[in-house]
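Take a look at the structure below.
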Amino acid sequence: MSEQQTYEPGTHPDLPPPPNMVGIIGWIRENLLGSTTNIVLTVLSVYLLWVIVPPTLNWLFFNAVFEGASRDECRAVMAEEGVKGACWAFIGQRFELFVYGFYPETERWRVNLSFILMLAALVPVLWDKTPSRNKMMIGSAIAPFVIGWLLIGGFGLEPVPTDKFGGFMLTLVIGVTGIVGSLPLGILLALGRQSHLPAVRIVCVAFIEFIRGVPLITLLFVASTMLNYFLPPGTTFDLLLRVLIMVTLFSAAYIAEVVRGGLQAIPKGQQEAADSMGLKYWQSMRLIILPQALKISIPGIVNTFIGLYKDTTLVIIIGLLDPLGVGRASLADTKWQGLSTEVYVFVALFFFVSCISMARYSLYLENKLHTGHKR
Amino acid sequence: MSTTETDLHAQEDVAKELKVSDEVTIQIKNMHKWYGSFHVLKNINLEVNRGERIVICGPSGSGKSTMIRCINRLEEHQQGQIIVDNVELTNDLKNIDAIRREVGMVFQHFNLFPHLTVLENCALAPIWVKQVPRKEAEETAMKYLTRVKIPEQANKYPGQLSGGQQQRVAIARSLCMSPRIMLFDEPTSALDPEMIKEVLDVMIELAQEGMTMLCVTHEMGFAKTVANRVIFMDGGEIIEENNPHEFFDNPQHERTQLFLSQILAH
């Protein structure tokens, strides 16, 4: 391709790009060794990776001790090999506590079954190629109630008080309920905020601004203490239920604002086209406006969800035993003192896996919903 | 403009053959509209018979789009009456729905639904507004897509089509509701010159089939070919209306003359 071939006007064929633009060599040249600055940055990055990655892996896996009955045993093993690593035996010993909290041991199958049910219910919601999706969706709609029954008990199952809930199970209960509840509520609030009816609009705006203006911890304290003042004396109102409501309301206010941003990005012509064809308000919202607005809002919505999911750790303050609470309780054991790093790395890993799954799913969804050009 | 002179003469005969019935389908009486304190439409009076093809032109900001958007209540008027097929437009949602089912609209920027395929765009309103079964609605959609000559694009998304194709889909989408009146709001203004003709051709065919059409456009070739009446608006008023020959050859009003000299100059 070194010599320039000439063609008659109008007959120039499509030629392949020059070889240094394609392939691995092309990529390396372009991205790693493109300029002096580029080369310096590449070398620096490689050096940093070399300094950080191997020791981390050693601590996490290669030098770690996975079996043992106390911290001293871990120490002994590592001293023998002359290395330093994590003492995962601790986590192994307390694993059930981390997962189930103080849920009665004989009833833990109910938690497991609930978890499987939740996953099954999520399939048709998250994956649009599910066979006979519409029928499966009915199952997904019923699932939350079945799960609630399984976890709390009653109606033939032994009742388990909600203060026995703890660990990752508690995180999932609060996180998933908050997510499932706040999305529809947030959408309604966003639509309400744009309503032509002043009463609806004022209520929605007031709600959103109030909730956004108050820290979540404050709301949780209100949930744990203040509500008793407002409710008639003698009413018992489950603490976990209060937390669920507060977390849902809190995140709904944020979702509402994210969705409002999406709604504003939809050209006015879309609503006009829907109107001109005679679609009613709710039809045009459901079929035309919301599918587009929610698609634009996906990053913001997932952002809010991830925030909510991580904020579930705040319930430790009002005495619920989330994974961090379980970790702190475990650290009080004299046999295992001084292993806080392991506990927090383990909990961090759990949250990281959950949150990155949400983030990746949102990317998948964005790509799937991309239909050519923006308009 | 985009239609060549020879085309025009061939088609002018067609336009003359088109029948206009005596039945009045749209009646606008002493209609006024304000945006806040700005008086956009001033005392509009217009009667449209079934089968008429009316072209509305005028400088930008003259209220021509606003006027036709009042006919299907995309804009609300504050005074006067608009009666479409014996139904008066009021705040009564039932009347508005009834009129919107009868009146199709095509927009300058197509306003196709980007998240739905071409076929879904066309079948949506019949399914949800007229409760037509999905299969039947899709067959009708294919029929109209064939008529606007893009059946092969049915499963693509609007974003994958050219502007001209999108506008033809928009026309097909409106036709799927079998409207008795079609409103066109500058249907070719956002198109590249190459694509204007394909859209105008579809509109000309529609006129030949006897559709009642109100068309805001600056395509004077189209006006001469198809219209039986041309309306000139300026400053929110109807300044002049006449048949195309008289309108173009012998404009009465000073402002009309100025407008025509400006758009025909290039």
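Residue numbers start from 1 in every chain, and the chains themselves are labelled A, B, ... in the order their sequence lines are given, proteins ahead of strands.
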Subject >> Between A/M277, A/K268, A/Q271, the one whose heavy-atom pairs under 4.5 Å with chain B are most numerous >> reply: A/M277
Original post:
Can you tell which of A/S276, A/A274, A/P291 has the highest number of heavy-atom pairs within less than 4.5 Å of chain B?
Top reply: A/S276
Subject >> Proximal component of A/Q283, with respect to chain B [non-hydrogen, under 4.5 Å] >> reply: side chain
Is [X] close to chain A through its backbone or its side chain, or both, or neither, when contacts mean heavy atoms under 4.5 Å?
X      : value
B/V106 : neither
B/R69  : side chain
B/F113 : both

**OP:** Answer yes or no: are there more than 12 heavy-atom neighbours, outside B/E194 itself, under 6.0 Å from its atom CD?
**Re:** no
**OP:** Please confirm whether B/H32 and B/H39 have ring centers closer than 6.0 angstrom.
**Re:** yes
**OP:** Would you confirm whether the ring centroid of B/Y35 sits within less than 6.0 angstrom of the ring centroid of B/F38?
**Re:** no
Original post:
Is B/D85 salt-bridged to B/R101, going by a charged N under 4.0 Å from an acidic O?
Top reply: no
**OP:** Identify which one of B/Q153, B/E152, B/Q160 satisfies the side chain to side chain donor-acceptor pair (under 3.5 Å) criterion when paired with B/K156.
**Re:** B/Q153
Subject >> Best-contacting candidate, B/M177, B/M105, B/R73, B/R173, against chain A by heavy atom pairs under 4.5 angstrom >> reply: B/R173
Original post:
Which one of B/N72, B/V103, B/L93, B/L124 has the most heavy-atom pairs closer than 4.5 Å to chain A?
Top reply: B/L124
Subject >> Audit row: A/F250, A/Y254, ring pair (Phe, Tyr, Trp, His ring centres under 6.0 Å) steps and yes/no >> reply: CA-CA 7 Å; A/F250 186 77; A/Y254 281 85; 5.1 Å; yes
